[in-house]
There are 2 protein chains.
Amino acid sequence: MKNIGGRVTSLDVAALAGVSQSAVSRAFTPGSSISPAKRELILAAARKLNYVPNSIASSLTTRRTNMVAVILGNLDNPFYVLVLKSLIEALQARGTQILTFTVPNGGSSDNALMRVLRYQVDGIILTSAQLSTRMTSMCHDRGIPVVLFNRYIPGSDASGVRCDNAGGGRLMAEALLLAGARSFAVLKGDPKGTTSQDRLQGFAERLLEEGIPRSRILELEGQSVYDGAHAATLQAFRDEKKPIPDAIFGINDTMAMGAMDALRGHMGVTIPQDVMFGGFDNIDEADRWPYRLTTISQPAREMVDETLKLLDLDNPGAEIEPGIDIKVPGKLIWRDTIPRQA
Amino acid sequence: MKNIGGRVTSLDVAALAGVSQSAVSRAFTPGSSISPAKRELILAAARKLNYVPNSIASSLTTRRTNMVAVILGNLDNPFYVLVLKSLIEALQARGTQILTFTVPNGGSSDNALMRVLRYQVDGIILTSAQLSTRMTSMCHDRGIPVVLFNRYIPGSDASGVRCDNAGGGRLMAEALLLAGARSFAVLKGDPKGTTSQDRLQGFAERLLEEGIPRSRILELEGQSVYDGAHAATLQAFRDEKKPIPDAIFGINDTMAMGAMDALRGHMGVTIPQDVMFGGFDNIDEADRWPYRLTTISQPAREMVDETLKLLDLDNPGAEIEPGIDIKVPGKLIWRDTIPRQA
């Protein structure tokens, strides 16, 4: 490490602590081999000298920045806030820093990724909808692993982790059918997002098995968010424009909540007597008193763990095997918005 | 920029596009002077060559990384999710990247800051509660500006932006007094956080003017989060342990919502007939049908703008004047949890 502008260097710390320069480096590297007593000694010396190591300069030697980029879509969906929290906790615990990028709803991640590439990150976790196959191959050429979180890129072999979204959609259809529902509406998310598509597809497939074709499902554009679902619900049903179906499936919980509030708050509808509701995600809010939403639980923490395993930050050189598609099953959580069979 | 490992450099792009190397650099620098046509020409050449500039290497020359660190406390409070979103949007718009750190509730930011310093960031925005004055002076010594968001460090002259929290507490006390409340409980947040302290202090001061001393306010520990407030409320009032007061003030909205759901869901209490409620923050959820919470609005976006103005990223060399304390006033938002005077 060069001594730019008279800054304290690791050599100064090593001298004060009476250890080697490499011991100082190890003291500041999470997970490296050093005794707790020696590390404490070195950190005390570093504190005395106001020394902190410079990761940027050392990254030029190691070609590792110890930074991971997280590209996020929609922070208006509490599920992705939970994902971000879980990612930050897991990565911080191993001393890895997080560069956070957001992509507007429905937007492409290409521009965000172009920016990410300027920072020579050790890996990229992509949770937003679109990314061109061109960009994934660009990352591949630069040796930067990309893991897709809860989505896939049709026609690409980029690896990733997702909930079994189609399977979860089937489970929800099954629960609503069991409770006697025969007419259905669905609040959809980002039309280009594979998550929304897959959940709806699994839902529709199960209904088709009971002789209900997809054309009879009323599809509403909820834009993945509470406000979008609230507005779409009022637009569809207010002034008796369309008959309210037996059951409404929110492709995510926050859209189900928006629709519930629209129907109760503006039209005096009672749930589940007048209309049943199902959601997807099992965000904290779904369990709260005003909602008690029957939903499909996505195990966010487990999905985050699998994502980091795939990213394999401990093996910098290793390439991620292409075409891996880890599907974590969702689980039906019974609450109060679908009557249970005795 | 050196050509390491045969990578494409800005010289290659300049040659292909028929422009100077400095034009290539400007094409990739947000806000720099270059015609849209020329930029397009250069970006097309860069795409053809799979070229992206390397910010890490260039930071060693410019001493700027174009990264800002955001240290966050509690993402369980939707207000700080909104703050993070606003920060990401505002910083991304100017081409600045965000390193995100979180600090556990009640924890100190010192460790997070030690990590931040390794990345030579251009600035630090601190939204979590504690930071030692030792750490702020360490940043100062390294020439890294720190701006405090919605908090201050007693005994330090670090500059920052906050809501007028004491003033907002007064406004809420005033509203509840007007509606006839004479007995009060408060759901407090992090006991070391200045935000919670100041809101409670302003609230108590106004009550004292009406002859109600602080000792008569029932103080409950809600830990800044929904679940904490929910549990504290049940513990205080279930089984008629304590009488329910005329009014409950949630030091933030999410705690008020947790207490509302506890009282309605477990004890059949009606709001505002049995007990009035006030909150603080005006998060989106406060306006939803199940809550319609009367609250103090914090102008998050305005506060973010003021924070970035103070950080002054366009003037890399400039030091932030110490002791600046920008207070943005809050505003009372009347909804349905406090009866309005005719």
Side-chain angles (χ1 to χ4, degrees), chain A residues 4-5 7 28 47 50 52-60 63 65-67 69-70 72 75-76 78 81-82 84-85 88-89 92 95 97-102 104 112 114-120 134 138 141-142 226-227 230 257-258 260-262 264-266 284-285 288-292, chain B residues 4 7 28 47 50 52-60 63 65-67 69-70 72 75-76 78 81-82 84-85 88-89 92 95 97-102 104 112 114-120 134 137-138 141-142 226-227 230 257-258 260-262 264-266 284-285 288-292:
Chain A
I4 312 170
R7 278 191 183 175
F28 281 96
R47 273 195 294 272
N50 257 356
V52 281
N54 180 339
S55 293
I56 300 277
S58 68
S59 77
L60 288 186
R63 305 291 303 270
T65 53
N66 205 23
M67 288 195 290
V70 176
L72 293 157
L75 278 182
D76 291 318
V81 176
L82 179 63
L84 177 63
K85 261 167 47 186
I88 292 177
E89 277 162 24
Q92 260 184 202
Q97 309 313 330
I98 297 121
L99 266 182
T100 316
F101 296 80
T102 59
M114 271 297 258
R115 288 180 171 175
V116 169
L117 289 179
R118 302 179 64 167
Y119 286 86
Q120 251 179 332
R134 178 183 178 81
M138 205 154 153
D141 293 347
R142 315 191 118 232
Y226 177 99
D227 287 341
H230 193 281
M257 290 162 56
M260 287 173 76
D261 288 346
R264 299 184 298 188
H266 292 267
D284 291 344
E285 290 81 349
R288 293 183 180 170
W289 177 78
Y291 300 101
R292 298 279 307 142
Chain B
I4 311 169
R7 278 191 185 173
F28 282 96
R47 273 195 296 271
N50 257 356
V52 281
N54 181 340
S55 293
I56 300 275
S58 68
S59 78
L60 289 185
R63 306 291 302 273
T65 53
N66 206 22
M67 289 194 290
V70 175
L72 293 157
L75 278 183
D76 291 318
V81 176
L82 178 63
L84 177 61
K85 260 168 44 186
I88 291 177
E89 277 162 25
Q92 259 182 204
Q97 310 312 331
I98 298 121
L99 267 181
T100 316
F101 296 79
T102 59
M114 271 299 257
R115 288 181 170 173
V116 169
L117 289 179
R118 301 179 64 168
Y119 286 85
Q120 251 179 330
R134 177 185 178 79
S137 67
M138 205 154 153
D141 293 348
R142 314 192 118 232
Y226 178 98
D227 288 342
H230 193 281
M257 289 162 56
M260 286 172 75
D261 288 346
R264 299 185 297 189
H266 293 267
D284 291 345
E285 291 82 347
R288 295 183 180 171
W289 176 77
Y291 299 102
R292 298 278 309 145

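Because only heavy atoms are used, hydrogens play no part in the values below, and waters and symmetry mates are left out as well, while side chains stay in. Reminder, nothing fancy here: chain letters follow the sequence lines and each chain counts from 1.
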Reported [atom1]-to-[atom2] distance for the pair [X] and [Y], which is rounded to 0.5 angstrom:
{"X": "B:E285", "Y": "A:D261", "atom1": "CD", "atom2": "CG", "result": "11.0 Å"}
{"X": "A:T100", "Y": "B:K85", "atom1": "OG1", "atom2": "NZ", "result": "14.5 Å"}
{"X": "A:T102", "Y": "B:I88", "atom1": "OG1", "atom2": "CD1", "result": "5.0 Å"}
{"X": "A:W289", "Y": "B:H230", "atom1": "CH2", "atom2": "NE2", "result": "10.5 Å"}
{"X": "A:L75", "Y": "B:E89", "atom1": "CG", "atom2": "CD", "result": "9.0 Å"}

Identify which of B:D284, B:I98, B:V70 forms the greatest number of heavy-atom pairs closer than 4.5 Å to chain A. B:I98
Interface check, chain A: of B:P290, B:A69, B:P78, B:A262, most non-hydrogen pairs under 4.5 Å belong to B:P290
Within a strict 4.5 Å, meaning less than it, do heavy atoms of the B:L84 and A:L84 side chains meet? yes
Checking [X] against chain B: side chain, backbone, both or neither under 4.5 Å from a heavy atom?
{"X": "A:R264", "value": "both"}
{"X": "A:L82", "value": "neither"}
{"X": "A:F101", "value": "both"}

What do the steps show when you test B:M67 against A:M67 for side chain to side chain contact (heavy atoms under 4.5 Å, CB included), and what is the final call? CA-CA 12 Å; B:M67 289 194 290; A:M67 288 195 290; 4.0 Å; yes
